[in-house]
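Please read the structure below before turning to the comments.
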Amino acid sequence: GITMTYLTETFIPYTKVLTPLLLEGLWITIYVSALAFLLSIILGAILAIIQHFRVKILSQLAKVYVSYFRGTPLLIQLFLFYYGLPMVFDVMKRCPKTFALVLCLAMVPISAFAVEKTAITKVDELLQFAKAVDDGEYDGKKDAVVSLEADLDLTGIAWAPIGSVFDGDGNLLHYFSGKFYGNGYTISNLDFSENYGKTEYPSFGFFSEVYDAEISGLTIQGKLDVSNSGYVYFGTVAGVAAGSKITDCVSDVSFTDTDKYINGTVALCGYAIDSTIEYCQNEGNFSVMKDTSRFWMGGIVGLAQNSTVQY
């Protein structure tokens with residue numbers, strides 16, 4: 001009796017009253033979501049193009065935009081759009097009340113994240129990325145994404161590592177700490193020979209040192225014929241990896257030393273600190289014919305500290 005009374009006297013009448021209101025709200029939700037989605041794709045594409053081609057001034061403004069929308073709570077942004085813009089722009093006073101919500105939703109979730117991916121399809125783009133790292137553009141950017149989207153042939157290039165600016169005490173000044181996706185592609189004919197062992201590169205490899213980074217799906221093919229003596233943390237993928245993760249990478253780099261006195265490490269990752277190296281392979285040939293005193297040679301990791309190596 002109680003259940004039937006509740007249904008007939010409370011639930012059904014309230015449902016008849018609320019259903020039209022809920023349907024009206026559903027339409028507004030769909031309308032706002034669709035407009036925000038379309039606007040965010042357009043804005044995100046524009047910002048991605050600006051970042052990809054590094055358009056002067058605009059590229060810097062895009063970075064400020066991303067930093068603001070990532071570092072400001074959504075509720076504060078909504079208040080600024082809803083109350084602040086009409087105070088600055090009179091035209092906003094004549095816009096629908098939902099327009100502020102559309103703007104806010106468009107600028108935050110998609111467009112602010114669309115600019116962070118850097119696609120590499122050519123050698124020039126790889127060198128441009130390396131320069132950006134040396135200029136400090138990736139310092140501490142754990143959410144940065146770099147995607148290798150083609151095989152690259154580095155024939156004729158004397159490789160300097162990504163992250164090649166050290167101070168007088170051997171400390172790396174600028175480094176990569178984002179995500180580098182190799183996507184199964186190969187960087188071939190990478191010649192480490194000329195710059196290995198030079199005092200300006202105490203850590204050496206495709207990357208010199210990475211911090212809080214993720215590197216995956218990358219194959220490095222090349223050679224290192226030792227021509228300079230020195231103490232070097234050498235890793236074909238990374239000389240030093242700290243707080244990082246290297247996954248599904250392959251090293252096919254021959255290492256040959258016939259007459260130079262060398263020390264340090266040689267491996268896919270030279271020195272792993274608080275890092276995880278997993279599902280990686282080393283297919284290179286190592287040949288060291290000179291005596292050494294402090295030299296760690298490994299297939300995957302030369303020297304490990306509080307790190308995990310697994311396959």
Side-chain angles (χ1 to χ4, degrees), residues 40 43-74 77 107-122 124-149 152 160-167 171-183 185 187 201 203-218 235 237-249 269 271-277 307:
S40 64
L43 182 58
I46 293 172
L47 291 177
I49 291 171
I50 290 172
Q51 287 289 76
H52 180 75
F53 291 102
R54 301 190 183 279
V55 181
K56 291 184 178 180
I57 300 178
L58 293 180
S59 180
Q60 298 301 318
L61 290 176
K63 291 180 181 178
V64 172
Y65 165 82
V66 173
S67 178
Y68 171 77
F69 279 99
R70 286 191 171 189
T72 309
L74 180 61
Q77 294 171 16
M107 291 185 173
V108 176
I110 298 179
S111 54
F113 288 86
V115 301
E116 289 301 311
K117 178 181 175 181
T118 299
I120 297 176
T121 59
K122 299 182 295 187
D124 287 345
E125 292 173 345
L126 176 63
L127 299 178
Q128 189 178 46
F129 162 62
K131 183 179 184 302
V133 172
D134 284 345
D135 290 342
E137 296 182 19
Y138 287 89
D139 288 358
K141 285 194 172 182
K142 299 180 182 180
D143 52 1
V145 174
V146 179
S147 178
L148 181 64
E149 299 185 356
L152 301 182
I162 299 173
S164 61
V165 181
F166 292 83
D167 64 17
N171 299 309
L172 184 63
L173 298 180
H174 304 295
Y175 55 89
F176 181 72
S177 58
K179 298 175 177 62
F180 188 98
Y181 297 135
N183 297 313
Y185 289 108
I187 296 179
Y201 304 127
S203 301
F204 198 59
F206 180 68
F207 289 94
S208 60
E209 299 177 8
V210 292
Y211 294 85
D212 300 311
E214 293 183 22
I215 304 170
S216 65
L218 176 64
V237 173
V240 176
S244 300
K245 185 175 183 179
I246 301 176
T247 307
D248 293 317
C249 290
C269 174
Y271 188 12
I273 307 169
D274 300 318
S275 295
T276 298
I277 319 294
S307 296

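- When L148, V145, I215 are each tested for a side-chain contact (heavy atoms from CB on, under 4.5 Å) with Y181, only one passes: V145.
- Counting all heavy atoms, side chain and backbone alike, K179 lies closest to K142 at NZ-O, 3.4 Å.
- Judged purely by distance below 3.5 Å, without hydrogens or angles, the side chains of S244 and D212 never pair a donor atom with an acceptor atom.
- The nearest pair of heavy atoms linking Y175 to V133 is C-CG1, 3.8 Å.
- Residue I273 holds its CD1 atom at 4.5 Å from OH of Y271, rounded to the nearest 0.5 Å.
- Residues I246 and A238 share a closest heavy-atom pair of CD1-CB, 4.5 Å.
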Subject >> Stepwise side chain to side chain contact (heavy atoms under 4.5 Å, CB included) check, L126 with I162 >> reply: CA-CA 9 Å; L126 176 63; I162 299 173; 4.3 Å; yes
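- Closest approach of A241 and C269 over heavy atoms only: CB-SG, 3.8 Å.
- The main-chain N or O of K245 is never found under 3.5 Å from a side-chain atom of T276 such that the two would form a donor-acceptor pair.
- For S307 against A272, the heavy-atom pair with the smallest separation is OG-O, 3.1 Å.
- Atoms CD and CD, from E149 and E125 in turn, are 9.0 Å apart once rounded to the nearest 0.5 Å.
- Within the 3.5 Å criterion, the main-chain N or O of G243 finds a donor-acceptor partner in the side chain of S275.
- Annotation for G217 and C249: closest pair N-SG, 4.0 Å, computed over non-hydrogen atoms.
- Listed by chain and number, the residues in a ring-ring contact (aromatic ring centres under 6.0 Å, His included) with F207 are F176, F180 (sequence neighbours excluded).
- In this structure, CG in L127 is found 9.5 Å from CD1 in I120, a value given to the nearest 0.5 Å.
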Subject >> Criterion side chain to side chain contact (heavy atoms under 4.5 Å, CB included) on F206 and I187, from CA distance to verdict >> reply: CA-CA 10 Å; F206 180 68; I187 296 179; 3.4 Å; yes
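- Taking 4.5 Å as the limit, every side-chain heavy atom of V240 sits out of range of all side-chain heavy atoms of S208.
- Residue S164 holds its OG atom at 10.0 Å from NE2 of H174, rounded to the nearest 0.5 Å.
- Interatomic distance, CG of D135 versus NZ of K131, reported as 4.0 Å (0.5 Å rounding).
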Original post:
Does the side chain to side chain contact (heavy atoms under 4.5 Å, CB included) test come out yes or no for T118 and S147, once each step is laid out?
Top reply: CA-CA 6 Å; T118 299; S147 178; over 6 Å; no
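- The CD atom of E137 lies 10.5 Å from the CZ atom of F129; values are rounded to the nearest 0.5 Å.
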